[in-house]
Protein chains: 4
Amino acid sequence: MKTLISGGIVITAIDTVAADVLVDDEIIIAIGAPGTHDWADTADNVIDATGKYVVPGGIDPHTHMELPFGGTYASDTFESGTRAAAWGGTTTIVDFAVQVKGESLIAGFDTWMAKAEDNCAVDYGFHMIAGDINPQSLADMDVLIDRGCTSFKLFMAYPGVFYSDDGEILRAMQKAAATNSMIMMHAENGMAIDVLREQALERGETDPVNHSLTRPAATESEATHRAIVLAELAGAHLYVVHMSAKEAVEEIAEARDRGLPVFAETCPQYLFLSVEDHVSQDGFEGAKYVCSTPIRKSEEGHQEALWNGLATNDLQVVSTDHCPFCMDDHPVLGTQKKLGVGDFTAIPNGLPGVEDRFQLIYHGGVAEGRISLNRWIELTSTAAAKLFGMYPKKGTIAVGSDADIVIFDPDVDWTKSVTQHHMDVDYSAYEGKDVKGRVKTVMLRGKVIIDGDEYLGTKSDGQYLPRETVSVHH
Amino acid sequence: MKTLISGGIVITAIDTVAADVLVDDEIIIAIGAPGTHDWADTADNVIDATGKYVVPGGIDPHTHMELPFGGTYASDTFESGTRAAAWGGTTTIVDFAVQVKGESLIAGFDTWMAKAEDNCAVDYGFHMIAGDINPQSLADMDVLIDRGCTSFKLFMAYPGVFYSDDGEILRAMQKAAATNSMIMMHAENGMAIDVLREQALERGETDPVNHSLTRPAATESEATHRAIVLAELAGAHLYVVHMSAKEAVEEIAEARDRGLPVFAETCPQYLFLSVEDHVSQDGFEGAKYVCSTPIRKSEEGHQEALWNGLATNDLQVVSTDHCPFCMDDHPVLGTQKKLGVGDFTAIPNGLPGVEDRFQLIYHGGVAEGRISLNRWIELTSTAAAKLFGMYPKKGTIAVGSDADIVIFDPDVDWTKSVTQHHMDVDYSAYEGKDVKGRVKTVMLRGKVIIDGDEYLGTKSDGQYLPRETVSVHH
Amino acid sequence: MKTLISGGIVITAIDTVAADVLVDDEIIIAIGAPGTHDWADTADNVIDATGKYVVPGGIDPHTHMELPFGGTYASDTFESGTRAAAWGGTTTIVDFAVQVKGESLIAGFDTWMAKAEDNCAVDYGFHMIAGDINPQSLADMDVLIDRGCTSFKLFMAYPGVFYSDDGEILRAMQKAAATNSMIMMHAENGMAIDVLREQALERGETDPVNHSLTRPAATESEATHRAIVLAELAGAHLYVVHMSAKEAVEEIAEARDRGLPVFAETCPQYLFLSVEDHVSQDGFEGAKYVCSTPIRKSEEGHQEALWNGLATNDLQVVSTDHCPFCMDDHPVLGTQKKLGVGDFTAIPNGLPGVEDRFQLIYHGGVAEGRISLNRWIELTSTAAAKLFGMYPKKGTIAVGSDADIVIFDPDVDWTKSVTQHHMDVDYSAYEGKDVKGRVKTVMLRGKVIIDGDEYLGTKSDGQYLPRETVSVHH
Amino acid sequence: MKTLISGGIVITAIDTVAADVLVDDEIIIAIGAPGTHDWADTADNVIDATGKYVVPGGIDPHTHMELPFGGTYASDTFESGTRAAAWGGTTTIVDFAVQVKGESLIAGFDTWMAKAEDNCAVDYGFHMIAGDINPQSLADMDVLIDRGCTSFKLFMAYPGVFYSDDGEILRAMQKAAATNSMIMMHAENGMAIDVLREQALERGETDPVNHSLTRPAATESEATHRAIVLAELAGAHLYVVHMSAKEAVEEIAEARDRGLPVFAETCPQYLFLSVEDHVSQDGFEGAKYVCSTPIRKSEEGHQEALWNGLATNDLQVVSTDHCPFCMDDHPVLGTQKKLGVGDFTAIPNGLPGVEDRFQLIYHGGVAEGRISLNRWIELTSTAAAKLFGMYPKKGTIAVGSDADIVIFDPDVDWTKSVTQHHMDVDYSAYEGKDVKGRVKTVMLRGKVIIDGDEYLGTKSDGQYLPRETVSVHH
């Protein structure tokens, strides 16, 4: 079964060329100059991409489908969340399996594998949240690496929940260094933050905006600095998740200038949302924008610094940290964000975004002139594929790679809204935002699963994606 | 006329894939997965690249063929120099046309165009050395840009020769900003250096090593800093040539962290040679390594900083500053390096290197583990193509691009020597150095010009390459 | 003839103590705890300083009395200017003798010595502006050092007038290093600034505010950086005058952190005035605030950075750069500021301030809580005495030192105005400003020259003060 | 009872003057110019200081007399230790009272007050080690401040012993900010260090040198950075103790450049000792130099950075961290350093130094040309007095201040040795070191307690010194 995508502009992280792409079954087998071949004659299917961009499917390396958090669960299941990902042009996610205190790493991994199996519209892999670093956990890292889970996430925040102390972190990083696996870090000084949260509540400051105000930028940049120091001591690769503070970006930049294998991501919410315009909205509306690291004040210049970091390669990836909770009761899960009415510390942390990312970064990045087309692809697909051991199967348009291909129309103007999205959550973080550029067609390993307004896939299209260990150096 | 390069590993600045490449006349028309097509059946010529790398031809954006300097001329003509470039895997050079004081920019350009015409084994373009900034020169920049010369080089060194003062530099940068052309800068504080040189001679310090000693790192980093400040004032793109000092790299890194469109190159001589081992050799031997910026002391850590800069993308390009002068008399040009016996300031500045670069960076970069294969290609070809308006015609292997292709054998061990090279100069700067990896076949726009030990080209294979203005941002 | 100052709080750069001070003729001979001695019994004169501060007389190391500039002269003569200094609590000035192009250093010095002789109300010394660096000038530096002129000022601004190129600067710095004298630097990139000025005029931007706008902060910080590099190459002590840009302060801070003997001053105008509130005033009013380096925009944070630098010792001295020109015609000198109506480049550069400094720094520094009492004295007296070879004769209250003493009332609230000051200029740069703290009594080498509202001195009270070479290290 | 010290050079942190000093009972009552008074006529006692320096008595703000540590006690009692201090020119110490987990702050303070009472040869105060931060401890800080204990020490090292987590630290800092007291910090990442120590033992690396090797510089600089961030969040004054790593000094410098009220000390052992020459000595000799923070490698440049920090005022104080343990069995206390034979983690941490400091800093600082005489006094006396609320009673030679005066002979050459010192410990950390400059006479509040080779004091000469809260800003 051969498909020809013809007439488009093929964009990779480095190249922008007019080219036709020939797919056989699940794999890209040829790329040709238009008018120089007769592939259309033998193709079973020809897709006309004239005037469109033909790009690698997006990879979102940071999602939390069905995550149990604060007494409820993220409202998107693997099924609903990955289907929404597909609608948004993302053909691979890497979600997080969770080890809780007192349980084994492997048990946590198995639990999450079972949740995802036959429930994903796109391909998926797992990072492992190591919530209980001990000798057995460290030994079990080898087992998970063999099973294609080659990245381990630690938390400097959330004491008593996911928090690891610096000694535990150092041990996990040493193990990662020995196994060439990746340490992912939630870098916030949770010990200090918990004091500030408790004191805010004592002062009667209970509104959602206090979530942002009690997580000052210094708590993020301090933890980022410390994570880098520990990683350098251990000789480990480090990937800092969901950066939101300009001071934290400076720490990453400094480490990378020195040649350290330190990497970082940000997310659309930090590029587009602010305390002034969103978290401090009247009433309980700000709860929509409660996530950690927090949305910050635009007057402090974080958004500009994050965009600059994306342009300068001090930040390498845009992920979503997709972790939606409903404002009104969810039909199945019940009360979610409103658990925190009168107590901002009880608001489940998280935002929807898996469907928004790929298109938003085109809009804010390319259409608004901050980055090139190639950088858009690198940030939303290629870099994650390389950092997390999915390349060259994923992350590029090249012969031999999986035919995960998005046909993207750069000229469509539209307005984002909860009425348009497919995520199982009752609000959009970007409600009413006018954007340019939209996904038109999505192909997963050769199968068209989105065609304009139609979803043509099934909940078992997605396959588990075992990943290699780290092969990049900088 | 179709040629198929089959069985190799195709490497670009981002991808590494097993792929066959189909060339029709001068252009790459298809890339296919091995075993999925029948292109061999219709190809006029099939080149077996099994076990080899198939990479874009090298681009050297800094050469000085036939340059008049210090009373003599660089010993390589366009003919001999570009043929040597081809032997070394470089299929495009960008040389420097020269405006001297009192003459027009356009006259200088025309002179150099005439020198090169029908005398080049590989494709060539020109940057323009603006040696006399005045209202007419600034106006003439428009004319040259129309003729495909979109980059202009200024000197903060060589007072009385090429030197421009900061006011002239600012004006030229403003013009470059207005025309989206690139300013290239020789960044050394020539005013200070000339004092140090005069004082060294007064003290009787006349040996070649004094060339390095009278150009301390601070004179390079200061000028680099100043060039960045002036470029930021003007809003211009800046490309600093031949960086050799770690302190200067730090200036570039700081500017790039801030998001400024500042770029820089280094050259193999700064990565491999040192004062201790080379410039301070007995007798007059050190004259072989007299160039500006100078070779520096290895104990000061410059080489490590330069390699780090190449890895971190603080430096984007490796060029050569190829500008050879013979140690013994040249048959045609007569006395060269020895003009400086007894007076190091009279030694013509320059080294041979156009043939060495592509292979040396593979050896020191990839084989010795400092950079990836993709980064090797980016540094030696793709980045220069993008920065200087030659992409996508040059600098990648993609459909529609010129078929400038090198087949590279990564497993050959050999020893560099003047007896092996093809540059018209009587010494090698790397004599006796054992290296890994060698160019096997070189194709220029579809024509094989090097095949193993055979040169199959002619001196008119090379075409003038008009270049676009700047399209990259970072 | 003995005078006892009793009952006050004696403040030096380090100590704050209740103490009585006994002066014999010109010298302080004893400091005693109140109530422990009978010095009043034998004193010829007892001054009651109860409730007042007893502090060292101010030292202003940067004044330009009678300076010829732009076709006119600074309106304060040595006589009027030094008398105003006394009124403001300053008992020593160091003015600048001028060498113009083509004349000798010594001739310039002699000229200025003659102007000052028998015309000064307070003690005075001279720095030498070296406007023509050549072998004779360098040799003459020895002569001036013998005559007590141990500091030499160079200009990176004003091409064609005082400007020295980097080679000349390096030579002068080498000479200063060899003689342990001090290099003072006007650090602005005059070459770049002149281009910006010319272009502003071409665009018809002729108002006084353009003086500030065509001297962007980067032109100051760049020159400061370059001056530091050259001084480090030469091994010289460097003192950068009239810092106004926060970016330039950062350069000083970085050099000092590295342990370099680099020093810097700022002036009251940069601490209190701004483009928004002063230079951009309607009509030609902004001309009052035209000086170089320029007054900058308060929104850019320069004032805070300068105050911070004063607190952290990145800046060591507050001087005035006193160089007044009248807005309306001066009775003797005629048109001054108004030379620049319609052409901001023709406005004489300079502000009055010699009378304002000592009290303003108390007000903005101590009364407003930015610095300690001791730091006030260090900034306005002690540091200059030590840096410029006047200590311990000047700059402290210690036995053996000159009895240059100010009795200062910290509790007086008053309003600054041209109607109150004694400088020969028809406006105050601080008109209408409410301030706290005022000079009550001024003693010059034991003689009371100001007593409340009375001036008791003569124009020949001041003596020439030969200075030692540099003895401080940091 | 009046004493006249005549003919010397009086040195303070700012002044150097030939002056006579008149003491009445415990207080300095007058300072006079030689030859201008008749004070000798009425003095009870005249001390001839001709050719000598007359300086404020040293203040050592970091000692640990009788400290319980690792199963033993520091071998110097308050009696022996303060007597040794006097011999070394130090007339005030500030020791550390200890709160252990589960006990109250006040109880700890009372215990230490009792130990010291009537047992001190010099004046003494206490900082409080807060080993158990809880609401009661925070409340008790008010009580201690009232009793003159205005500084509180926290530990980021020693988990399970003195360690406070970041939340506890933040709370204590907030309390310090509210009470204007000082937070002192032992800044090492103890969590990471404990992992490295355990792993070293597991690898069989048990020699004393491993103490240094398992506390890499990054663990100090990281903790220093974190302490600064937390202090800035809290708005507290921070004083980092015993800095030994150049990277940590850089953190302090950066914070101070920003104007933060951050201070730091180093100790003689970090200025003079090294891993290469001392800690790695054969056999168990290295145990003499086991202290925390550790002695570091000289090849890494820490000593130069620390001296530079002392010169540039990035470091403000030299203390000792005096905490001696015997190599051979102590007559009373038994086995000390040798507890750690075969297990470096069991070596009691600490070095003798209270007698060495004042003279060593003269030698290495002034005699070897790194700092001025004034800076020597500031570092060893004045700065500590001002930072810790003892000024102007202590730390200067001024009328009204305590007559704590050292007469110092700058010209004596001698050799340091255990045979010469008076500390109760069986080795000198500086055995055999030739030094210049020696204490000749020591006066404590007017009483001569050291006169050449004679000790004239008693164990009850020293008084408890209640201290004020912080009054310095930078």
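Chain naming here is simple, since letters A, B, ... match the order of the sequence lines and numbering starts at 1 in each.
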Non-hydrogen contacts under 4.5 angstrom with chain C: give the residues of residues 183-191 of chain B involved, or none if there are none.
B:Asn189, B:Met191

Heavy atom to heavy atom, less than 4.5 Å: which residues from residues 290-304 of chain C reach chain B?
none

Please tell me if the side chains of B:Asp166 and C:Met156 come closer than 4.5 Å, counting only heavy atoms from C-beta onward.
no

What parts of residues 192-211 of chain B touch chain C if we use heavy atoms and a cut-off under 4.5 Å?
B:Ala192, B:Val195, B:Leu196, B:Glu198, B:Gln199

Pull out the residues in residues 168-176 of chain B that come under 4.5 Å of chain C, heavy atom to heavy atom, sorted by number.
B:Leu170, B:Arg171, B:Gln174

Contact part of C:Leu230 toward chain B, heavy-atom cut-off under 4.5 Å: side chain, backbone, both or neither?
side chain

Start with the C-alpha distance between B:Val229 and C:Glu247, add both sets of side-chain angles, then the distance that settles side-chain contact (heavy atoms from CB on, under 4.5 Å), and finish with yes or no.
CA-CA 12 Å; B:Val229 168; C:Glu247 296 85 351; over 6 Å; no

C:Glu232 side chain reached by B:Glu222 side chain, heavy atoms, under 4.5 Å:
no

